[in-house]
Visitor: 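Here it is, the structure in full.
Side chains included, hydrogens not; waters and symmetry mates left out as well; all remaining heavy atoms used.
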Amino acid sequence: MSDKRKWNFYLLISSIMVVFLLLIAIFGPALAPHRLTDSITIYQYGKKEMAFPPLHPFTYKEFPLGTDKWGYDILTLLLYGAKYTVFTAMGIAILRLLLGLCIGLWTGISKKKINTWQAVENSLSYVPSFLIIFFILWPISFYYNIKPILLILIFVIVASLIGFPTVSGTIREKTRQVYQASFVESAITTGSSKWKIIKNHIIPHIKEDIVILFVLEIVTAITIMGQLALFNVFIGGTQVEFDPVLYHSITKEWAGLVGQARDFIWRDQFVLFIPLLFLLYATISFQLLAIGLKKYFDKQYKRSRWI
C-alpha cells in the first residue's frame with residue numbers, strides 16, 4: 001500500500017512544467033503585451049522622469065522582464081519565439097524516432113549483421129552532429145530571400161538525418177533483446193510473419209523505451225539549437241547588421257535570443273540571462289519528464305512482474 005501511495009515527484013512536476021511550456025508555445029503571441037515590432041527609444045513613466053533602453057526587469061509594469069538594447073520587450077520576444085523553440089525540437093524528435101524505428105526494428109530482427117549500417121552509426125557517433133549541421137546551415141542562414149519556415153524545415157530534416165542513426169542503434173539493441181525471448185521463438189515456430197512479430201511482440205515490449213527516447217531526443221534537439229546559436233546560426237534565419245556587426249534571430253526562438261545577447265555578459269546581464277533561463281527551463285522540463293517516465297515505467301514493470 002505504501003508503494004501505491006508514493007508520489008512520482010519527477011513525473012508530477014515535469015508534467016506541469018511541460019504543459020505550461022506547451023501552452024506558452026501555442027498561445028504565446030496572443031498573451032504578448034506588445035507587438036513584435038514595437039520598440040522604444042525613450043520611455044517616459046512620469047511627468048518628468050524618462051528612461052532609456054535597456055530597461056531593467058521588474059521596474060516598469062509595461063515591461064515586466066525589461067527590454068533589450070534596442071527597446072524591444074523581452075517578454076514579448078520570448079512569447080513569440082516559444083513556438084519555434086518547442087515545436088522545432090519536437091519535430092526533430094518525431095522524425096528521428098520514426099526513422100530510427102524503421103531502421104532499428106529492421107536491423108534488430110535481421111539474422112545477418114548489417115555491417116555497413118553499423119559502420120555509419122559508429123562513424124557518426126565519433127563526430128559531433130552539431131559540427132555537421134553547422135557547416136550545412138551556415139551558408140544559407142544569412143540569405144534573406146529564404147523564408148524562415150523553409151530554413152526551419154531544412155534544419156529539422158538535416159538534424160534528423162544526422163541524428164537518427166543513434167536512435168536506430170538503441171532501438172536495434174532493444175529489439176534484439178526481445179527477439180531472442182522464448183515467446184518470440186514460439187511465434188516464429190507457429191509461422192508468424194516478421195511484421196506480426198514486430199507489431200504484436202516487439203513494439204509492445206519496447207514502447208516505454210520509445211516514449212523515453214522521444215523525450216530525450218527533444219532535449220538533444222534543444223541542445224543542438226543552443227550550440228548553433230553560439231555561432232550565430234539561429235533557427236529560422238539570422239539577420240546581420242554591419243557597422244558594428246550584429247546578429248539577430250529572425251524567429252526570436254529562445255536559443256537565438258541567447259546567442260544574440262551573449263555580448264551582454266559584461267553589462268546589463270539580464271538581457272542574456274532571462275532568455276537563458278527560459279531555454280534552461282525547456283531543457284530541464286523534458287529531462288525531468290524522461291526521469292519521471294522511467295521511474296513510472298519501472299514501477300509498473302515491478303508491479304506487473306509481482307502479480
Visitor: To the closest 0.5 Å, what do you measure between CZ (Phe278) and CZ (Phe273)?
Guide: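 Here the rounded value is 15.0 Å.
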
Visitor: Keeping Tyr281 on the side-chain end and Met17 on the backbone end, is there a donor-acceptor pair under 3.5 Å?
Guide: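 Yes: the side chain of Tyr281 pairs with the backbone of Met17.
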
Visitor: To the nearest 0.5 Å, tell me how far Ile149 CD1 sits from Thr88 OG1.
Guide: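 That separation rounds to 7.5 Å.
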
Visitor: Same hydrophobic cluster for Ile250 and Val233, using side-chain heavy-atom links shorter than 4.5 Å among ILVMFWY?
Guide: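 Not linked; separate clusters.
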
Visitor: Which value, rounded to the nearest 0.5 Å, describes the distance between Leu293 atom CG and Asp209 atom CG?
Guide: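 It is 11.5 Å, given to the nearest 0.5 Å.
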
Visitor: Using every non-hydrogen atom in the two residues, find where Val178 and Ile202 come nearest and quote the distance to one decimal.
Guide: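 Shortest heavy-atom separation between Val178 and Ile202 comes out as CG1-CA, 4.0 Å.
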
Visitor: Can a donor-acceptor pair be found, under 3.5 Å and without considering hydrogens, that links the side chain of Ser160 to the backbone of Val156?
Guide: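 The answer is yes, because a donor-acceptor pair under 3.5 Å joins these two groups.
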
Visitor: Can you confirm whether more than 12 heavy atoms, excluding those of Phe264, are under 6.0 Å from its CZ atom?
Guide: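 Yes, enclosed.
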
Visitor: Looking at side-chain heavy atoms only, is the closest gap between Tyr296 and Tyr10 below 4.5 Å?
Guide: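 The answer is no, as the side chains (C-beta and beyond) never meet within the 4.5 Å cut-off.
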
Visitor: Between Val271 and Pro275, what is the shortest heavy-atom contact and its length?
Guide: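 Shortest heavy-atom separation between Val271 and Pro275 comes out as O-CD, 3.2 Å.
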
Visitor: Does any part of the side chain of Ser15, heavy atoms only, come nearer than 4.5 Å to the side chain of Leu289, both counted from C-beta?
Guide: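 They are in side-chain contact.
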
Visitor: Using side-chain heavy atoms (C-beta onward) and a distance below 4.5 Å, is Gln239 in contact with Phe234?
Guide: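 No, side chains not in contact.
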
Visitor: With a 4.5 Å cut-off on side-chain heavy atoms, are Val167 and Glu217 touching?
Guide: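 Yes, side chains in contact.
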
Visitor: What pairs with Lys294 under salt bridge (Lys or Arg N to Asp or Glu O under 4.0 Å), at least two apart in sequence or on another chain?
Guide: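 Salt bridge (Lys or Arg N to Asp or Glu O under 4.0 Å) check on Lys294 returns Asp298.
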
Visitor: Where do Thr166 and Arg96 land on the side chain to side chain contact (heavy atoms under 4.5 Å, CB included) test, with the steps shown first?
Guide: CA-CA 9 Å; Thr166 304; Arg96 280 187 174 187; over 6 Å; no

Visitor: Which residue, Ile24, Leu277, Asp73, Ile274, forms the side chain to side chain contact (heavy atoms under 4.5 Å, CB included) with Leu78?
Guide: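 Per the side chain to side chain contact (heavy atoms under 4.5 Å, CB included) rule, the option paired with Leu78 is Ile274, out of Ile24, Leu277, Asp73, Ile274.
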
Visitor: Taking side chain as C-beta onward, heavy atoms only, is Met90 less than 4.5 Å from Leu22?
Guide: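 Yes. Closest side-chain heavy atoms under 4.5 Å.
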
Visitor: Any chance you could measure Ile222, atom CD1, to Thr85, atom OG1, to the nearest 0.5 Å?
Guide: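 Reported value, rounded in 0.5 Å steps: 7.5 Å.
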
Visitor: Per the salt bridge (Lys or Arg N to Asp or Glu O under 4.0 Å) rule, what does the pair list look like for residues 253-275, sequence neighbours excluded?
Guide: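 Checked against salt bridge (Lys or Arg N to Asp or Glu O under 4.0 Å) - neighbours excluded - no pair reaches residues 253-275.
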
Visitor: Quick one, Tyr72 and Leu36 - any side-chain contact, counting heavy atoms below 4.5 Å?
Guide: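 Not touching, per the 4.5 Å side-chain cut-off.
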
Visitor: State, yes or no, whether a side-chain contact exists between Ile171 and Leu213 at a heavy-atom distance under 4.5 Å.
Guide: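 Answer yes - side chains close enough.
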
Visitor: What's the spacing between Phe134 CZ and Leu228 CG if we round to 0.5 Å?
Guide: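 One finds 8.0 Å between CZ of Phe134 and CG of Leu228.
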
Visitor: For Tyr60, I'd like to know if atom OH has over 12 heavy atoms of other residues, nucleotides or ligands within 6.0 Å.
Guide: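 Yes, because the 6.0 Å sphere around OH of Tyr60 holds more than 12 heavy atoms from other groups.
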
Visitor: Just do the side chain to side chain contact (heavy atoms under 4.5 Å, CB included) check on Val18 and Val215 with the steps written out, would you?
Guide: CA-CA 11 Å; Val18 170; Val215 178; over 6 Å; no

Visitor: Give the minimum heavy-atom separation between Gly259 and Asn232, together with the two atoms involved.
Guide: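 Closest approach of Gly259 to Asn232: O-OD1, 4.5 Å.
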
Visitor: With rounding to the nearest 0.5 angstrom, report the CH2 to CG distance, Trp254 to Leu276.
Guide: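 It comes to 12.0 Å.
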
Visitor: Do the side chain of Glu208 and the main chain of Phe297 share a donor and acceptor less than 3.5 angstrom apart?
Guide: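 No.
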
Visitor: Would you confirm whether Thr67, through its side chain, and Phe63, through its main-chain N or O, come within 3.5 Å as a donor-acceptor pair?
Guide: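 No; judged by distance alone, with no hydrogens or angles, the pair does not exist.
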
Visitor: Look only at the side chain of Thr59 and the backbone of Pro57, and say whether a donor-acceptor pair between them is shorter than 3.5 Å.
Guide: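 It does hold such a pair.
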
Visitor: Give the intermediate values and the outcome of side chain to side chain contact (heavy atoms under 4.5 Å, CB included) for residues Tyr80 and Thr251.
Guide: CA-CA 8 Å; Tyr80 270 90; Thr251 59; over 6 Å; no

Visitor: Taking the side chain as everything from C-beta on, heavy atoms only, tell me whether Ile224 gets closer than 4.5 Å to Ser129.
Guide: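 Yes - at least one pair of side-chain heavy atoms lies under 4.5 Å apart.
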
Visitor: Determine whether Ile94 and Phe214 satisfy the following criterion, side chain to side chain contact (heavy atoms under 4.5 Å, CB included), listing intermediate values before the conclusion.
Guide: CA-CA 7 Å; Ile94 291 173; Phe214 167 69; 3.4 Å; yes

Visitor: Tell me, which pairs form a ring-ring contact (aromatic ring centres under 6.0 Å, His included) where one or both residues lie in residues 155-199, sequence neighbours left out?
Guide: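 ring-ring contact (aromatic ring centres under 6.0 Å, His included) check on residues 155-199 returns Trp117-Phe164, Phe183-His201, Phe183-His205.
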
Visitor: For residues Ala229 and Ala255, report the shortest heavy-atom separation together with the two atoms involved.
Guide: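 For Ala229 and Ala255, the tightest heavy-atom pair comes out as CB-O, 3.0 Å.
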
Visitor: Using atom types as modelled and distance alone, determine if a side-chain donor or acceptor of Asn200 lies under 3.5 Å from a backbone N or O of Ile197.
Guide: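 Answer holds: no.
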
Visitor: Using modelled atom types and a 3.5 Å cut-off, is there a donor and acceptor pairing between side-chain atoms of Ser14 and backbone atoms of Ala290?
Guide: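 No.
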
Visitor: With a 6.0 Å cut-off (strictly less than), is the heavy-atom count around CG of Leu246, excluding the residue itself, greater than 12?
Guide: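 Atom CG in Leu246 is crowded, with more than 12 foreign heavy atoms closer than 6.0 Å.
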
Visitor: Using the ring of each side chain (for Trp, its six-membered ring), is His248 parallel, tilted or perpendicular to Trp70, with breaks at 30° and 60°?
Guide: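 The rings of His248 and Trp70 stand perpendicular, inter-plane angle above 60°.
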
Visitor: Using modelled atom types only, decide if a donor and an acceptor are shared between the side chain of Lys295 and the backbone of Gly292 within a distance under 3.5 Å.
Guide: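 No; zero donor-acceptor contacts below 3.5 Å.
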
Visitor: Output yes when a side-chain donor or acceptor of His34 lies under 3.5 Å from a complementary backbone atom of Leu75, and no otherwise.
Guide: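 Flag not set: sc His34 to bb Leu75 has no pair under 3.5 Å.
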
Visitor: Ignoring hydrogens and geometry, is there a side-chain-to-backbone donor-acceptor pair from Ser110 to Thr107 under 3.5 Å?
Guide: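 No.
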
Visitor: What closest approach, in Å, do Ala93 and Ile218 show between heavy atoms, and which atom pair accounts for it?
Guide: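 Distance-wise, the nearest heavy atoms are CB-CG1, 3.5 Å.
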
